[in-house]
Student: 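Please find one structure pasted underneath; my questions will follow.
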Amino acid sequence: MARKRRPLLLPSLLFLVISGAFLFAAWRMNGLPSWQLLAARKTSASWSILEEIRSLNELETAAYEMKVVFPYDFIGDKEVNWIYLKLQYDREPGLFLAKSDPAWHPGGRLPSDWEYAGIYTLCRQVGIDPGRPDYRFVVMSASVRAGVDLDLWLEEFTSGEPTAEVGGISVTVDEDGKRTLEIAAPPVIVTSFLIEDRDASADGFPDVPLTPEGWRLLVEKLRPRLREMALDGGLLISAENESRSFLTEIFTAAGYDNVIFTN
Amino acid sequence: MASRISSFEVILIILALVLVAAGVFLIIDSREPVRHTEVMEQRLRELRQLKTVSQTYRSVIYVEEKNFWRGNKMLLFTLEYNVTAGVDFSKGLEIRELPNEVIQVRMPTAEIFTSDADETSINQMFLREQPFLNPIRMGDYMPQIIAQGEANRQAALDSGILSHAESNARLAVMRVLKLGKFDNIVFSSPPGTVSGEASDG
């Protein structure tokens, strides 16, 4: 009996495989439509408990606001050899950490290839690998604020009747009847550090795989650097000028002609 | 000899055409351009905010996703929020000298400045994910962090944080003015609020 010929079988199968691959590629690139019955179902819940109420007296007079992109804003304009760092890290992570310390190297200075080993370690700890071409990044909006702690300042004057000797306050009246207040200005400090609670993916940035633990680690490690950037940007100088200006306005509005800060 | 197309081949071809049509639909459906633009540079901003009350909330957040294709994921963690309130003097602080060495102060009403998560307090209790197919992403839990921040803000308002903040602010202004040897200080309500006066001295 002659064998039945099926000339379209092979092309049909090939067509089916190619179509399947096309559909898979389209799904991976564009995602499933939102009405898809088998789409992801998300549930979330949360609750809070009030733990503490504190009274404070912080006059915040300046804020340094910044939007940074991790890790790229933390390497400046330099070309970093991420692949070299990746090879070293993958070979032996424990040794990599030791080599990230300047004390490991002769003269106590990091070689140029190791300059950003600390940033690379942080990247790997939070699940980002700049040594691979996946270009993941995290966008953070931070605000560092500075001003004066009025309670600390006022405590300086509570040890007795405010005079030139106690707390450095003195009031003088000249021959024209103009009153001048001389007073020690309050010291300026960094009062708060805020990372804006914001879903960067809602702004069109990639939704980076990052666990809450990774997010905590990232903020904790980058905090000193962000603070430094704010201080370099003149945060404390601006806060001091604005604090003095504000206090001057208060006392002049209340009747003084001049306010002089003694420090 | 002419060959006939079998029903099996017809099914294969129809199935392949359906797959192509589904792929084309996915591509066309996602062709709507999405643009996000924002202007924000690193900047130094002057403030005049007197923070007088801080409330700390401990929040528990649970997030779960059931996904037929990529696997399920779930997450439980705790974190703290700081809700701060006080008076923003840049909205207008009026100090006037009245007869008999009385100083009249009119301050803006108290407001909540921040209801912000303290990221350094995050304590991840458990996490289940599919590391390659369906990892935990920031977009999974950040909307819930934001929503809980709003809930904490509302809870702070309900607990009367604003009246506490305002009385603390009055006390602070009074103490500062006393450094300038002003003893008779009266507070008047800001315009648009119910009239009322508090005094000291």
Side-chain angles (χ1 to χ4, degrees), chain A residues 5 7-9 12 15-16 19-20 22-23 26 30 33 38 40-67 150 154 181 194-195 197 199 201 203-204 207-213 216 219-220 238 242 246 251 253-255, chain B residues 3 5 9 12-13 15-16 19-20 22-23 26-27 29-30 36 40 42-51 54-68 77 95 97 103 116-117 119-120 122 124 135-139 142-146 148-149 152 168 172 175 180 182:
Chain A
R5 286 186 63 205
L8 285 177
L9 181 63
S12 305
F15 185 34
L16 184 69
S19 305
F22 171 68
L23 178 63
N30 303 293
L38 296 173
R41 193 160 54 85
K42 290 187 175 179
T43 315
S44 51
S46 56
W47 54 265
S48 282
I49 185 166
L50 175 60
E51 283 199 323
E52 189 188 21
I53 301 176
R54 270 190 318 135
S55 287
L56 37 98
N57 269 319
E58 285 175 355
L59 179 66
E60 293 189 327
T61 51
Y64 192 83
E65 291 168 349
M66 57 194 130
K67 191 166 229 172
L150 288 179
L154 290 163
L181 174 70
L194 306 170
I195 296 284
D197 303 328
D199 183 5
S201 62
D203 296 339
D207 190 7
V208 61
L210 184 66
T211 64
E213 176 61 22
R216 181 194 67 76
V219 171
E220 209 168 77
S238 178
E242 189 62 13
F246 179 64
F251 288 121
Chain B
S3 60
I5 300 174
E9 286 162 348
L12 280 184
I13 292 169
L15 197 60
L19 292 180
V20 169
L26 286 182
I27 291 170
D29 191 51
S30 64
H36 297 272
M40 183 193 160
Q42 313 218 133
R43 61 176 181 157
L44 200 54
R45 196 159 61 94
E46 288 176 350
L47 308 170
R48 286 188 172 185
Q49 293 185 344
L50 179 65
K51 276 195 310 193
S54 161
Q55 291 188 350
T56 305
Y57 289 83
R58 180 172 177 268
S59 302
V60 180
I61 293 183
Y62 174 71
V63 177
E64 180 189 271
E65 182 188 305
K66 290 194 168 155
N67 192 313
F68 177 81
F77 64 99
I95 297 177
E97 270 186 287
I103 301 294
D116 187 65
E119 291 79 10
T120 59
I122 288 175
Q124 192 172 289
I136 294 285
R137 294 171 181 274
M138 282 188 93
M142 202 45 96
Q144 197 62 28
I145 289 183
I146 295 166
Q148 190 57 47
N152 292 341
N168 280 2
R175 289 170 71 198
F182 301 105

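Quick note on labels: first sequence line is chain A, next is B, and so on, each numbered from 1. The analysis underlying the following values was restricted to heavy atoms, covering all of them including side chains, and did not include hydrogens, waters or symmetry mates.
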Student: Under 6.0 Å from the CZ atom of B:Arg58, do we count more than 12 heavy atoms belonging to anything else shown?
Tutor: no
Student: Among the options A:Val208, A:Leu194, A:Leu150, pick out the one with the most heavy-atom pairs lying under 4.5 Å from chain B.
Tutor: A:Val208
Student: Which heavy-atom pair separates A:Ser238 from B:Leu44 by the least distance, and what is that distance?
Tutor: CB-CD2, 3.7 Å
Student: Quick one: OG1 on A:Thr211 to CE on B:Met138, what's the gap to the nearest 0.5 Å?
Tutor: 10.0 Å
Student: Pick whichever of B:Ile145, B:Asp116, B:Ile146, B:Asn168 has the most heavy-atom pairs under 4.5 Å with chain A.
Tutor: B:Asp116
Student: Which heavy atom of B:Ser54 sits nearest a heavy atom of A:Leu56, and at what distance?
Tutor: CB-CD2, 3.6 Å
Student: Where do B:Gln144 and A:Ala45 come nearest, in terms of heavy atoms and distance?
Tutor: NE2-C, 3.8 Å
Student: Taking all non-hydrogen atoms of both residues into account, name the closest pair between B:Arg48 and A:Leu59 and its distance.
Tutor: C-CD1, 4.3 Å
Student: I'd like to know if the side chain of A:Asp197 and the backbone of B:Ala117 have a donor-acceptor N/O pair within less than 3.5 Å.
Tutor: yes
Student: Count the heavy-atom pairs under 4.5 Å between each of B:Ala22, B:Pro135, B:Gly180 and chain A, then report the option with the highest count.
Tutor: B:Gly180
Student: Residues two or more places apart in sequence or in another chain: which of them pass side-chain hydrogen bond (donor to acceptor under 3.5 Å, both in side chains) with A:Ser48?
Tutor: B:Ser59, B:Gln148, B:Asn152
Student: Sort B:Leu15 into side chain, backbone, both or neither according to what part of it lies under 4.5 angstrom from a heavy atom of chain A.
Tutor: both
Student: Tell me which of these, A:Lys42, A:Glu60, A:Glu52, has more heavy-atom pairs under 4.5 Å with chain B than the rest.
Tutor: A:Glu60
Student: Is a side-chain donor or acceptor of B:Gln124 paired with a backbone partner of A:Glu213 at a separation under 3.5 angstrom?
Tutor: yes
Student: If every non-hydrogen atom of A:Asp207 is compared with every non-hydrogen atom of B:Gly139, which pair is closest and at what distance?
Tutor: OD1-N, 2.7 Å
Student: If you count heavy-atom pairs under 4.5 Å with chain B, which of A:Ile49, A:Leu9, A:Ile53 comes out on top?
Tutor: A:Ile49
Student: Does B:Phe182 have any ring-ring contact (aromatic ring centres under 6.0 Å, His included) partners at least two apart in sequence or in another chain, and if so, which?
Tutor: A:Tyr256
Student: Given heavy-atom pairs under 4.5 angstrom as the criterion, report whether the side chain, backbone, both or neither of B:Tyr62 touches chain A.
Tutor: both
Student: Report the distance from atom CD of A:Glu220 to atom CD of B:Glu119, rounding to the nearest 0.5 Å.
Tutor: 11.0 Å
Student: For the residue pair A:Ser46 and B:Ile61, what are the closest heavy atoms and their distance?
Tutor: CB-CG1, 3.6 Å
Student: Is there a side-chain contact between A:Phe15 and B:Val20, using heavy atoms and a 4.5 Å cut-off?
Tutor: yes
Student: Enter the distance from B:Ile103:CD1 to A:Phe251:CZ here, rounded to the nearest 0.5 Å.
Tutor: 11.0 Å
Student: If you round to the nearest 0.5 Å, how far is OG1 of A:Thr61 from CD of B:Gln49?
Tutor: 10.5 Å
